[in-house]
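Accompanying notes for the structure given below.
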Amino acid sequence: MKLKKVWDIFLFLVSNVIINFTDTITDVITAYALYGIHVYWAWLTIFWIFAPFLLHLSIILLKRKADRKKCLKEAFLHFPLVIPVQNSRAAYHLYQVKYSDPMPISSLTKIENIKMVAGKLSQGEAFMESGPQLILQIHIILCTGNVELTQLICIIISLLSITVAACKAYFIQRNQRRADSEPTVHMISRVFPSMMLVLLYNIATWTFITGILKEWTFC
């Protein structure tokens, strides 16, 4: 059971902390590299890093006054690099859960809740930040004809982040009886190729749309 606990925590850290943290850091480095090439591209790269936070912050205006405090807390969770910190705390709570054979219902419920909350946070961040960032960097490469190393790393990390998030969403966003808060590596590997194929098609489509509407996207 000790080995299972270590493996669970390792997978939790990779999918909910390391990928998100690496994605944000590579985006910042890419923005810095682009600043000397095209200032609008650099600022757009920075904008998409803050997009999840700004979107959740704007939702506060649509909420009742009594609900705004809760919405402000949710918006803060999507500030850059807060999710890796929050999910690192969740990993510590996961470490505190006692693993045994058989596992008590209370421990299983706690583990499922921890993984479900962290998974939804990571998933939202990937769809609102990694997806648009990926399309932007591909558009920049098509415009310049040059591929910077930082852009290549940024694209790979963003594609990995959004594909893993889509795979997890496939299992998480089901009815309560069939939902799986933390699908296994085997389960993710079964849907990973199909999800990547669908995402590549959508990325290509939105890249063309961005190119056509470039005068309205400041590119």
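- Rounding to the nearest 0.5 Å gives a distance of 11.5 Å between CG of N20 and CD1 of I157.
- V147 and L160 end up in the same hydrophobic cluster when Ile, Leu, Val, Met, Phe, Trp and Tyr side chains are linked at under 4.5 Å.
- Interatomic distance, CG of L199 versus OG of S158, reported as 12.0 Å (0.5 Å rounding).
- One finds the OG1 atom of T207 at 10.0 Å from the CD1 atom of I141 (value rounded to the nearest 0.5 Å).
- Atom CD1 of residue I18 and atom CG of residue L11 lie 10.5 Å apart, to the nearest 0.5 angstrom.
- For the residue pair W48 and E129, the shortest heavy atom distance occurs at O-CG, 2.8 Å.
- Nearest heavy atom pair, residue I19 against residue S15, reads CD1-CA, 4.2 Å.
- Under the 4.5 Å side-chain criterion, counting only non-hydrogen atoms from C-beta, L55 is not in contact with H78.
- Y32 and L152 are assigned to two separate hydrophobic clusters, defined by single-linkage of ILVMFWY side chains at heavy-atom distances under 4.5 Å.
- A42 and A31 get closest at one heavy-atom pair: CB-O, 3.4 Å.
- Using modelled atom types and a 3.5 Å distance limit, the side chains of Q137 and T45 yield a donor-acceptor pair.
- With T30 contributing its side chain and T150 its backbone, the two residues share a donor-acceptor pair below 3.5 Å.
- D27 places no side-chain N or O within 3.5 Å of a backbone atom of I49 that could act as its donor or acceptor partner.
- Heavy-atom neighbours of F21 CZ from other residues, nucleotides or ligands within 6.0 Å: at or below the threshold of 12.
- Two different hydrophobic clusters hold L149 and I29 under the rule that ILVMFWY side chains link at heavy-atom gaps under 4.5 Å.
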Chi angles and distances behind the side chain to side chain contact (heavy atoms under 4.5 Å, CB included) call for Y201, T205: CA-CA 6 Å; Y201 171 78; T205 302; 3.9 Å; yes
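- Hydrophobic clustering (side-chain heavy atoms under 4.5 Å, transitive across Ile, Leu, Val, Met, Phe, Trp, Tyr) groups F50 together with L77.
- The aromatic rings of F79 and F76 lie parallel to each other, with less than 30° between the two planes, well short of the 60° mark.
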Trace of the side chain to side chain contact (heavy atoms under 4.5 Å, CB included) decision for L54 with F47: CA-CA 9 Å; L54 295 174; F47 169 77; 3.9 Å; yes
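- Here the side chains of L136 and Q151 are not in contact, with every heavy-atom distance at 4.5 Å or above.
- Residue Y40 holds its OH atom at 12.0 Å from CH2 of W43, rounded to the nearest 0.5 Å.
- If you take CG on L44 and CG on L34, they are separated by 10.0 Å, rounding to the nearest 0.5 Å.
- The shortest heavy-atom contact between C167 and F192 is SG-CA, 3.6 Å.
- In terms of heavy atoms, W41 sits closest to I37 at CZ3-CG2, 4.2 Å.
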From CA spacing to verdict: side chain to side chain contact (heavy atoms under 4.5 Å, CB included), L159, I203: CA-CA 10 Å; L159 182 60; I203 289 163; 3.9 Å; yes
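- At a threshold of 4.5 Å between side-chain heavy atoms, the hydrophobic network of Ile, Leu, Val, Met, Phe, Trp and Tyr places V97 and V117 in two separate groups.
- For the residue pair N87 and A118, the shortest heavy atom distance occurs at OD1-CB, 3.4 Å.
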